Amino acid sequence: MRRRRRPPVIALLGVDGVGKTTQARLLARTLTAAGQPASYFENGGGRPLLDPLARRLGRRDGPNLLGPRVHVAVEATFRGLAITRALALSRLTGRIAVMDRYTYCQYAVMRLRGDGDGRRVRAAYRRFPTPDLVVLFTVPAALAQERVEHRGRDHEDLDRLTAFAQAYRDLPEAAAFHELPASGTTDEVHAALYPLVTAALNR
Ligand SMILES: Cc1cn([C@H]2C[C@H](O)[C@@H](COP(=O)(O)OP(=O)(O)O)O2)c(=O)[nH]c1=O
C-alpha cells in the first residue's frame, strides 16, 4: 500500500440546513464501522457564539458588533484554529478527517458579504491540505430554510441562502467540488455520498 503523509481529508460544504453536520457525523460512524477509522470535526467560524453575543449587546449580528474588517479577521481565525486542531488530531490518531465545513466555507461567506477578494485569508490558510474529496451539498433554498427552522436554533433568510449557495459555486476552487443534491432523506443522501468517499479513499 502507498504510504500516506497524512490521513485522508473529506470536506463537506454547503449552506446552513443543507445537512452537512448530519451527513458528516453519519459518514464518520459508517467509515469507522467499515474498518476505516474516521473522526468528525466541526470547522465553524464562531457564528453561534458571536451572533448571540452581539444580540445580547443590542447589535444585529457579529459584523454589526465588530465592524466588517475585525469580524472577518475573528471569524477566519476561529475557523483556522478549528481546522488546525482537526488536522493535528487526525494526524496524531491516524484517523480519516471528516470535515463539517472547511476553508472554502470561509471564502464563500466572505464572497457572500462582499468582504473583498479573500486573498489574505487564502494566504493564511495556504498550508491547509487540499482535501481528498470536497462535496458541495445542494438543496433548494426553501428546504434549507425549513431544516434550519426545524433545528430551532436560528433563522435563515431565503435570499441569503440563495446568494450563499451561489457564492460557493462562484469560488475559483468550485471546479474541484463534487456537487451532490441533498434533498432526499438522510439515508438516501448518505447512500449517494458513501461511494464517492470510498472512491476517493481508494485513489
Ligand atoms: C440531512 C437532513 C437534516 N434534517 C434536519 C436535521 C437538522 O435539524 C436540520 C439541519 O441539518 P444539519 O445537518 O444541521 O445541516 P447543516 O450542518 O448543513 O446546517 O435539518 C432533516 O430534517 N432531513 C435531512 O435529510
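Counting convention: from 1, in listed order, for ligands and their atoms alike. The structure displayed is predicted, hence computed values, not measured ones.
Using a heavy-atom distance under 4.0 Å as the criterion, the protein contacts of ligand 1 are V15, D16, G17, V18, G19, K20, T21, T22, R147, H150, R151, G184, T185, T186.
A donor-acceptor contact under 3.5 angstrom links the side chains of S39 and R95, judged on distance only.
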Could you give the side-chain donor-acceptor pairs of residues 165-174 under 3.5 Å, partners two or more places apart or in another chain?
from, atom 1, to, atom 2, distance (Å)
Q166, NE2, D170, OD1, 3.1
Y168, OH, G14, O, 3.4
R169, NE, E179, OE2, 3.1
E173, OE1, R122, NH2, 3.1
E173, OE2, R122, NE, 2.8
E173, OE2, R122, NH2, 3.2

Could you pull out every donor-acceptor pair under 3.5 Å between side chains of residues 55-73 and any protein atom, sequence neighbours left out?
from, atom 1, to, atom 2, distance (Å)
R59, NH1, N64, O, 2.9
D61, OD1, N64, N, 3.0
N64, OD1, R60, N, 3.2

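Between V9 and F128, every side-chain heavy-atom pair lies at or beyond the 4.5 Å cut-off.
Applying the side-chain hydrogen bond (donor to acceptor under 3.5 Å, both in side chains) criterion to R101, with sequence neighbours excluded, gives no partner residue.
Interatomic distance, CZ of R47 versus CG of D154, reported as 6.5 Å (0.5 Å rounding).
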